[in-house]
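Computed from a predicted structure; not experimentally measured. Values reported hereafter were calculated over all heavy atoms of this structure, with side chains retained and with hydrogens, waters and symmetry mates removed.
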Amino acid sequence: MNKSRSALLWTALILIMLGSLHTAWRHFVHQVPLLPGSQQTYWDLEARVEMEAQGKPIKVRLAIPQSQPSFLMRSEHTASPGFGVSLTEGNQRYAEWSIRTAAGTQWLYYRTQFQFDPKQHIAAVDHAPALVSSTWSLPLQAAAAQILRRSWQESADAFSLAKALVEQLTNEKNQNGRLLLSEMTAAEAMVNLLNDAKTPARILYGIQLEDGRRRQGLQQLVQVFDGQRWQLFAVNSALNINITGKNYLLWQQQAGPILEVEGAQESKVTFSMLSTHEPASSSVNALAVKDALLSLSIHSLPISEQTLFKTLLLLPLGALVVVVLRVFVGLKTSGTFMPLLIALAFLEMSLSAGLITFLLLVGAGLVLRQLLAHLNLLLVARVAAVIVCVIGMIALFAVVSFHTGITTGMKVTLFPMIILAWTIERMSILWEEDGPMEVVKQGGGSLITATLAFLLMDIYEVRYWMFNFLGLQLVVLALILMVGSYTGYRLFELWRFNPLANQALASSKIKE
């Protein structure tokens, strides 16, 4: 016993030393700051082109961004095995790939890093496009004239005219706007209306910057000129785009297609993004050592995988919370990892909305499970039926939330439905065997554990440390091993046996 305990302590000590040494290496050698805060903000953006090749020569042309107001491009590179690649400069930059022959699914990557600095006064695209006369059909011409006449009366300059047009086109009760949108996109209709008003405008594409987003698409924007300045407008109200100089980047700065592919089918492009906070010098060093084994940096992976790991790397902390509460406190939970997965869902939703959603789903699931019990199904069929019912409840909950304006309710799909189904099944069996009080204990313990794990994983500094210093994973593992070796009384056991201890103390006093 002593040998095994000694081996455990040595293992934990070695893990802590290795994790601490790697953290120090990342800080002092790679200059990764220990604390987030007053650092430079960088946005890593990645465009992924996917297509089905047919064994023919392929040419791919992708519009790529450039430095713009508040955003300075720091670096860019591509990943395209077997393809030749070149970057063309001009008013609009392009990445062009080509290959003599290819077959099957092909992936091409373009990755760039922008530094956010509002003090950078980079020259913007200030050449207004030429006015183009609109060719409306007779029904559209009358509708366009009415929309433009009303918007003109409600505006004072080019930008206020654009805002008035956006309101007209996005108003579902406006019959004229609906007629125009039945023949063209909202952005196309707005550009045509502005051209009729002798206001230069064109369609561009931009991307809303949000940390950790994967497989996103570009949004269609309208760039309006007033003679000296330009301003962007989002016409699609369903996207709820908030265009500011801090959270929005123009991917395209001249009108034209984003992606052109010759020789392949089913081509599409998706975008991923990640925000990092580093000193200005660290980005240069990171590029120099990104392939070093000792770096063990997640930043060398594609951004779509980085955003996934940004959440996965928090799981060890949640596991540590589960172990501490079960070993030291004696808190009962419905399974070991279910509270951890529920905490991950809480990270995407708000805590209050997550708790309410979980209680509603599990409560409704228990009722359905009791109804299924009368059918005398086998275990596998019963669990499968519960899964189908859970999916239906999730879909119903999302639809009701959407129509009632509760946006957080639409994220209910983030709950792991398989885990929910097994939780409902376990709780129903527990109800039959041990009664409702045991269900309340384990369900309440699971929610308390998930809440505490969420509160720890939601701390901004903790998320920063776990993502940028992988050595801390070894430290967390060492703590789990040390906590797992504890064999003493738990807090709930002390409370449970407290009457016996008092009775023994009283009897000893009587004997004295």
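Using modelled atom types and a 3.5 Å distance limit, the side chains of R74 and Q115 yield a donor-acceptor pair. For the residue pair Q223 and R202, a side-chain donor N or O sits within less than 3.5 Å of a side-chain acceptor on the partner. Side chains of E76 and Y110: a donor on one and an acceptor on the other come within 3.5 Å.
In this structure, the separation between CD1 on I64 and OG1 on T88 is 7.0 Å, given to the nearest 0.5 Å. Note: S155 OG to L165 CG = 7.5 Å, rounded to the nearest 0.5 Å. Summarising the geometry, atom OG belonging to S70 is positioned 5.5 Å from atom CZ belonging to F116; distances are rounded to the nearest 0.5 Å. Between the OG1 atom in T23 and the CD atom in Q473 there is a gap of 10.0 Å [rounded to 0.5 Å]. In this structure, L317 CG and D458 CG are separated by 12.0 Å, a value rounded to the nearest 0.5 Å. Taken from CG in L72 to CD in Q66, the straight-line distance is 12.0 Å, to the nearest 0.5 Å.
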Steps toward side chain to side chain contact (heavy atoms under 4.5 Å, CB included) verdict (V222, V224): CA-CA 6 Å; V222 175; V224 181; 3.9 Å; yes

Chi angles and distances behind the side chain to side chain contact (heavy atoms under 4.5 Å, CB included) call for W97, T78: CA-CA 10 Å; W97 291 272; T78 62; 4.0 Å; yes

Test log, rule side chain to side chain contact (heavy atoms under 4.5 Å, CB included), inputs Q216 and T270: CA-CA 5 Å; Q216 300 298 298; T270 56; over 6 Å; no

Side chain to side chain contact (heavy atoms under 4.5 Å, CB included) evaluation trace for N192 with M184: CA-CA 10 Å; N192 289 332; M184 62 189 68; 3.7 Å; yes

Step-by-step side chain to side chain donor-acceptor pair (under 3.5 Å) determination, E89 to Y94: CA-CA 7 Å; E89 303 294 334; Y94 292 93; over 6 Å; no

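With a 4.5 Å cut-off on side-chain heavy atoms, L209 and S275 do not count as touching. In this structure the side chain of Q231 never reaches within 4.5 angstrom of the side chain of F225, judged on heavy atoms. Side chains of I203 and Q220 form a contact here, defined as non-hydrogen atoms less than 4.5 Å apart. When side chains are defined from C-beta on, M273 counts as touching I207, because their heavy atoms get closer than 4.5 Å. Under the 4.5 Å side-chain criterion, counting only non-hydrogen atoms from C-beta, F467 is not in contact with L314. Using a 4.5 Å heavy-atom cutoff, the side chains of V462 and M457 are not in contact. Between Q146 and L179 there is no side-chain heavy-atom pair separated by less than 4.5 Å. Annotation: side chain of Q113 is not in contact with side chain of M73 (no heavy-atom distance under 4.5 Å).
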Contacts under 3.5 angstrom, residues 51-62 side chains, donor-acceptor by atom type, not counting sequence neighbours:
residue, atom, partner, partner atom, Å
E52, OE1, T105, OG1, 3.3
E52, OE2, T105, OG1, 2.6
Q54, NE2, E52, O, 3.4
R61, NE, E96, OE2, 3.2
R61, NH1, E260, OE1, 3.3

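For the pair P257 and A63, the tightest heavy-atom approach, listed with the atom from each and the gap, is O-CB, 4.1 Å. A pairwise comparison of heavy atoms in G318 and A453 identifies CA-CB, 4.1 Å as the closest pair. Counting all heavy atoms, side chain and backbone alike, L148 lies closest to A197 at CD1-CB, 4.0 Å. The two residues L474 and G19 come nearest to each other via the heavy atoms CD1-N, 4.0 Å. Of all heavy-atom pairs between A319 and L340, the closest is N-CD1, 3.7 Å. Considering every non-hydrogen atom in both L169 and A186, the closest pair reads CD1-O, 3.8 Å.
For the pair E188 (side chain) and T185 (backbone), a donor-acceptor distance under 3.5 Å is present. Proximity of a side-chain donor or acceptor of Q106 to a complementary backbone N or O of E50 within less than 3.5 Å is not detected. Between the side chain of T199 and the backbone N or O of N195, no donor-acceptor pair lies under 3.5 Å. Without hydrogens or angle criteria, T112 side chain to S75 main chain gives a donor-acceptor distance under 3.5 Å.
We find that K163 and E167 are not joined by a salt bridge, their nearest charged nitrogen and carboxylate oxygen being 4.0 Å or further apart.
Crowding of R93 atom CZ: a count of heavy atoms from other residues, nucleotides or ligands under 6.0 Å exceeding 12.
Within the structure, salt bridge (Lys or Arg N to Asp or Glu O under 4.0 Å) pairs that include any residue of residues 265-276 do not occur (at least two apart or interchain).
W251 pairs in a ring-ring contact (aromatic ring centres under 6.0 Å, His included) with only one of the listed residues (F71, Y205, F271, F114), which is F271.
Residues meeting the side chain to side chain contact (heavy atoms under 4.5 Å, CB included) test with A144, sequence neighbours left out: W136, L180, L193.
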